[in-house]
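The structure appears below as structure tokens.
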There are 2 protein chains.
Amino acid sequence: MATTSVVSAFRVLEGVARLQPVGLSELAREVELPKSTVQRCLLTLQEVGWAESSSSAPTRWSMTLRALSVTGGMGARESLRDVAVPVMHELQLSTTETIHLVAPDGDELVLLERLDTAHSLRAFLPLGERIPLHASATGLAFLSACDAGRIDRYLDGPLVPRTPDSLTDPDRIRDELAHIRERGWSVNVGGLSSGISSLGAPVLDHTGSPVAAVSISGPSSRIEPSRFDDLGAQVAQAAARITQRLRA
Amino acid sequence: MATTSVVSAFRVLEGVARLQPVGLSELAREVELPKSTVQRCLLTLQEVGWAESSSSAPTRWSMTLRALSVTGGMGARESLRDVAVPVMHELQLSTTETIHLVAPDGDELVLLERLDTAHSLRAFLPLGERIPLHASATGLAFLSACDAGRIDRYLDGPLVPRTPDSLTDPDRIRDELAHIRERGWSVNVGGLSSGISSLGAPVLDHTGSPVAAVSISGPSSRIEPSRFDDLGAQVAQAAARITQRLRA
DNA sequence: ACCATTGTGCCATCTGATGGACCGTTTGTC
DNA sequence: GACAAACGGTCCATCAGATGGCACAATGGT
């Protein structure tokens with residue numbers, strides 16, 4: 001856990017990403033590094049084209065769009081998206097709700113792709129949003145397809161609630177996972193964002209371990225319990241089709 | 001242009017992004033750095049959570065999804081997207097074609113948001129794709145709203161064609177830009193991808209300089225010249241509405 | 001079994017990162 | 001208008017850590 005210059009650089013970069021547009025002092029405070037270090041870091045980041053100070057406000061720093069470009073070239077994940085998007089689109093048309101595609105990164109899920117609904121009342125998450133495994137439909141769906149070891153390890157860690165309705169009791173979650181495995185889809189009512197309900201299902205690779213998850217999300221007023229069976233069956237089917245096409 | 005460790009780190013990172021999943025030697029050759037340097041770099045990148053070697057193939061390196069997360073928090077650009085998406089959605093519904101939102105990064109445009117069409121025949125670009133200013137409808141639209149100095153500087157540089165139909169002659173481009181300024185929208189037939197036609201219009205900030213561009217894209221067989229006036233007027237109007245809401 | 005290519009570890013050398021001190025400027029408070 | 005507080009930016013002596021050549025190990029193709 002050495003504190004090399006590269007480590008500092010990424011600390012600074014992630015600080016900028018979080019706080020942009022941000023000034024030197026505030027940033028230095030946030031990432032807990034001396035101002036002079038942060039300053040040199042910013043110049044270096046500018047040199048490599050990852051950060052910039054807008055010409056109108058030369059002391060406020062932002063990220064460039066280069067980060068977006070490197071995510072664009074993600075080989076394996078690209079193919080996942082290419083396969084998933086058409087299926088997601090059909091799901092979007094038949095449900096008219098927001099469809100999400102997420103993939104794991106560490107012990108969280110990251111929002112890879114989102115197809116919005118035409119409704120003005122929307123469940124809106126930015127691409128790249130990080131989503132906990134225990135407080136989302138996609139997370140529970142994903143977790144339900146993991147092997148017991150990984151589940152145990154995850155449920156051993158601290159499970160911070162995102163809303164008052166988030167599941168945080170390991171035993172409750174295990175019960176829920178069993179249900180999900182039986183019927184093939186998960187449901188989460190207001191556990192990630194209050195007032196938003198989602199239904200999810202896992203996408204598997206050729207070995208059977210989960211590589212992604214899909215979900216349908218919308219305001220709880222529209223996504224009523226009476227529609228769960230129908231919508232759940234639809235996500236499960238969509239996820240299964242993505243799984244199937246992934247093997248080709 | 002010093003060659004600090006941070007510069008190497010980003011060289012390596014971008015190399016990984018481009019070639020992933022990639023081995024050490026190939027990567028070292030690509031980024032033109034000694035193998036030992038590249039390896040230490042990879043370990044550091046792993047430490048900060050930006051690169052990883054898959055457990056199944058521990059010698060092949062890929063990027064994590066962290067890059068996606070930092071793009072998610074893009075403050076100013078987020079608000080641009082928030083404003084643009086609803087307008088884009090209406091445009092999508094009324095044209096049933098693919099809608100793109102791009103923003104400048106350096107001398108290129110980057111695809112920020114995409115709303116797909118229901119058509120199976122689609123113009124598909126991944127988010128984060130880099131688009132040259134002279135060979136796209138969005139690029140020409142953007143360029144048409146730049147000040148003369150910037151246009152001159154850009155047209156002085158090398159204009160590499162993307163397809164045989166790309167515009168590369170500075171004088172032809174200047175003529176085109178004049179047309180675009182008159183009627184308010186640009187058109188590009190097969191200049192970015194063969195068989196794909198697009199119409200674009202610029203989004204301006206409060207000072208009148210361009211900050212983004214919107215476009216309608218689809219197969220040239222559907223986006224026929226006879227529809228240009230209608231579709232062009234629609235993008236222009238959409239861009240104008242985004243411009244307007246951006247001032248609020 | 002052989003060779004080509006790849007991944008990994010080591011270490012003497014010296015580059016370049018560090019961070020405290022300092023200065024000029026801006027912001028906002030009385 | 002004057003003062004204080006916070007800001008962005010620069011400098012430089014010190015030393016941590018980056019460098020890259022080399023040698024060894026592991027892989028896989030023929």
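These numbers come from the heavy atoms of this one structure, side chains and all, not from hydrogens, waters or symmetry mates. In what follows, chains are A, B, ... by sequence order, proteins preceding strands, each numbered from 1.
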Do the ring centers of A/Y154 and A/F142 come within less than 6.0 Å of each other? no
Base, sugar-phosphate alone, or nothing: which one does A/R60 contact when heavy atoms must sit under 4.0 Å apart? nothing
Closest to the B/L24 side chain: D/dT19, C/dT8, C/dT18? C/dT8
Any idea which of C/dT6, C/dA17, D/dG8 is nearest the B/R29 side chain? C/dT6
Once you round to the nearest 0.5 Å, how far does CZ of B/R150 lie from CG of B/L143? 8.0 Å
From A/L177 CG over to A/S186 OG, what is the distance, rounded to the nearest 0.5 angstrom? 9.5 Å
State whether A/R66 and B/E108 are salt-bridged, where the test is any N-O pair (Lys NZ or Arg NE/NH1/NH2 against Asp/Glu carboxylate O) under 4.0 Å. no
For A/R130, is there an ion pair with A/D105 - N to carboxylate O distance below 4.0 angstrom? yes
Respond yes when some side-chain nitrogen or oxygen of [X] is under 4.0 Å from OP1 or OP2 of [N], and no when none is.
{"X": "A/R40", "N": "C/dT18", "answer": "yes"}
{"X": "A/T59", "N": "D/dG9", "answer": "no"}
{"X": "A/Q39", "N": "D/dT10", "answer": "yes"}
{"X": "B/S5", "N": "C/dG16", "answer": "no"}
{"X": "A/T37", "N": "C/dG19", "answer": "yes"}
{"X": "A/S25", "N": "D/dG8", "answer": "yes"}

Quick one: on DNA chain D, does A/V6 or A/G23 contact a more 5' nucleotide (nearest heavy atom)? A/G23
For [X], salt bridge (charged side-chain N to carboxylate O under 4.0 Å, His left out) partners two or more places apart:
{"X": "A/D205", "answer": "none"}
{"X": "B/R174", "answer": "B/D152"}
{"X": "B/R241", "answer": "B/E90"}

Return the angle between end axes of the helix from C/dA1-D/dT30 to C/dC30-D/dG1, with five pairs used per end and rounding to 10°. 60°
Could you work out, with side-chain contact (heavy atoms from CB on, under 4.5 Å) as the rule, every residue matching B/A28, not counting sequence neighbours? B/K35, B/V38
N/O-N/O pairs, protein side and nucleotides 21-30 of chain D side, under 3.5 Å:
residue : atom : partner : partner atom : Å
D/dG21  : O6   : B/S36   : OG           : 3.4

Take atom CZ of B/R11 and atom C1' of D/dT19, then tell me their distance rounded to the nearest Å. 14 Å
Value in whole Å for how far the C1' atom of C/dA4 lies from CD of B/E26: 16 Å
